[in-house]
J.: 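Provided herewith is a single structure, encoded as structure tokens, for subsequent inquiry.
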Amino acid sequence: MSHARPDTSASQIEQAAALLAQGRLVAIPTETVYGLAGDARNPDAVRAIFALKGRPADHPLIVHIGTVAEIAAWAARVPPAAMELASAFWPGPLTLVLPAAPDVPRVVTGGLDTVALRMPAHPLALALLRRLGRGLAAPSANRYGRVSPTCARHVREEFGEGVAMVVDGGACTIGIESTIVDLSAGTARILRPGAITPEQIERCLHAAVERQPAPGTRSPGLKASHYCPRARVVCTAPDQAAATAAHWLARGHRVCVLSPAACDQMHAGLVWLRVSDDASTLARQLYAKLRQADDLQADVIVAALPAAAGIGAAVRDRLRRAAGGGEEFRA
Ligand code: TXA
Ligand code: MG
């Protein structure tokens, strides 16, 4: 594996492009999380992504593109709303689900007749995509169901030698995965919340947006249990964090508290991992803090939920899924 040498960006991009053209897998930085990228038109490369992640074959991948013009190569139909959203938010943390063109390898779409497209804003990802002129299938670069990586070191910890190269673009500036909007069925519908909020999408489209996936929607990242550290995650209101921690401590567990408010750390089994009370900063810190709690051998992570405004709604979504979809614990 190529470790982060004092490479220039240009030489990292050349090396990554050469590996991807050979059908190899390369981890790439994006503004949301690191992606495990392979040539989206190469079914063997795409199969290798599923194999390395341990991801079920019916869980579709997002195709990353470097220009708006490339939408036409992937989508059978491009509704006006897609162009409006792409113009407003690309490059950026927004994924559009559109009807797939007939020649899109169905291994990428998990057998669906729709394809998810995103133009990432990270300068290295964008330069690589434009250099290649090809779409890159790139799920988050973590093992199936686990916490997404937000720096190059996290990716190496996940996959070691399993990935040909990790392009090191520093820490991700957003820190949680893109907002996914489904435009394949007439109305716009949010499948996964992210940094781009429903209100921003509605302002752009001058139309109402469905806030929840339709019942029975195939978008497997919406599974109740996802983004899971090893430790059990328990979500609480911020003012309940200390009481909730006490509950688990009393049962003999090692507890990490993720909260902006200080926690009494006199108890040997308790570590307070301070997080920001600003939701955007919290989003940026979240996955590294979950990994840190695992490194500290916590049994239980007590996580204070931020307010639901702005990106806070997406942070709450990730924490609830990390908790396995369970309800808030009340001490
Ligand atoms: O921010 C992101 O979106 C990151 C970076 C690397 O771009 N990628 C990411 O990929 O989060 P992944 O594979 O971890 O999550 C992709 C999500 C899954 O929930 C999947 O079900 C959904 O996108 N998805 C992909 N194609 C879809 C489709 N055709 N219809 C519905 N959902 C789809
Ligand atoms: Mg993922």
Side-chain angles (χ1 to χ4, degrees), residues 3-4 7 9 12-13 16 25-38 49 53 61-66 89-95 116-129 136-159 163 165-180 192-197 200 221 226-229 258 273-276 278-295 303 306 310-319 321-322:
H3 288 279
D7 267 346
S9 299
Q12 285 204 88
I13 288 166
L25 304 187
V26 172
I28 59 169
T30 84
E31 74 281 28
T32 58
V33 300
Y34 273 69
L36 180 62
I49 294 174
K53 273 186 69 91
L61 305 180
I62 296 171
V63 176
H64 296 68
I65 55 180
F89 299 112
W90 281 5
L94 181 71
T95 296
L117 298 174
R118 167 161 123 81
M119 190 196 296
H122 192 290
L124 287 186
L126 208 47
L128 176 61
L129 287 163
L136 290 176
S140 52
N142 52 276
R143 290 183 194 279
Y144 177 62
R146 314 304 296 195
V147 178
S148 300
T150 51
C151 66
R153 179 175 53 79
H154 294 166
V155 181
R156 294 191 194 99
E157 285 168 4
E158 288 281 327
F159 296 127
V163 54
M165 177 183 179
V166 180
V167 176
D168 192 343
C172 299
T173 52
I174 290 180
I176 60 173
E177 303 79 357
S178 60
T179 306
I180 303 179
R192 178 174 72 185
I196 307 289
T197 63
Q200 284 177 286
H226 212 86
Y227 315 106
C228 293
L258 265 60
L273 295 181
R274 179 187 199 145
V275 295
S276 175
D278 167 68
S280 298
T281 311
L282 172 57
R284 192 151 60 230
Q285 300 171 326
L286 180 66
Y287 290 150
K289 293 289 183 190
L290 293 177
R291 283 171 186 268
Q292 192 182 345
D294 271 350
D295 292 343
I311 198 173
V315 173
R316 291 166 68 98
D317 167 79
R318 301 308 191 277
L319 279 171
R321 290 178 201 280

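Worth saying up front: this structure is predicted, and the values here are computed from it rather than measured.
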J.: Would you find a donor on one side and an acceptor on the other, under 3.5 Å apart, between the side chain of T179 and the backbone of I196?
T.: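 The answer is yes, because a donor-acceptor pair under 3.5 Å joins these two groups.
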J.: A side-chain contact here means heavy atoms from C-beta on lying under 4.5 Å apart; do I311 and I174 qualify?
T.: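 Side chain of I311 against side chain of I174, heavy atoms only: contact under 4.5 Å found.
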J.: So does R291 pair up with D295, basic N to acidic O under 4.0 Å?
T.: no
J.: Looking at A141, is its backbone amide N or carbonyl O close enough to the side chain of E158 to form a donor-acceptor pair, meaning the two atoms are under 3.5 Å apart?
T.: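 Not at all, since once roles are kept as given, no pair shorter than 3.5 Å links the two residues.
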J.: With a 4.5 Å cut-off on side-chain heavy atoms, are P306 and R316 touching?
T.: yes
J.: For the residue pair L286 and L319, establish whether any side-chain heavy-atom pair is separated by less than 4.5 Å.
T.: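 They are in side-chain contact.
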J.: Is there a donor-acceptor contact under 3.5 Å linking the side chains of E177 and S148?
T.: yes
J.: For a quick check under 3.5 Å, do S140 and R146 share a side-chain donor-acceptor pair by atom type?
T.: no
J.: Taking the side chain as everything from C-beta on, heavy atoms only, tell me whether M119 gets closer than 4.5 Å to L126.
T.: yes
J.: Quick check against the 3.5 Å criterion: does Y34 have a side-chain atom that pairs as donor or acceptor with the backbone of G169?
T.: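 Side chain of Y34 to backbone of G169, a donor-acceptor pair under 3.5 Å: yes, one is there.
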J.: Is it true that, when you exclude R274 itself, more than 12 heavy atoms of the residues, nucleotides or ligands shown sit nearer than 6.0 Å to its CZ?
T.: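 No - once you tally the heavy atoms of other residues, nucleotides and ligands closer than 6.0 Å, there are 12 at most.
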J.: Go through the side-chain N and O atoms of R118 and T32 and say whether any donor and acceptor fall under 3.5 Å apart.
T.: yes
J.: With a 4.5 Å heavy-atom cut-off, do L124 and I28 have their side chains touching?
T.: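 A side-chain contact is absent here, since even the closest heavy-atom pair is not under 4.5 Å.
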J.: Could you tell me if the side chain of K53 sits less than 4.5 Å from the side chain of N142, heavy atoms only?
T.: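 Result yes, sub-4.5 Å side-chain heavy-atom pair found.
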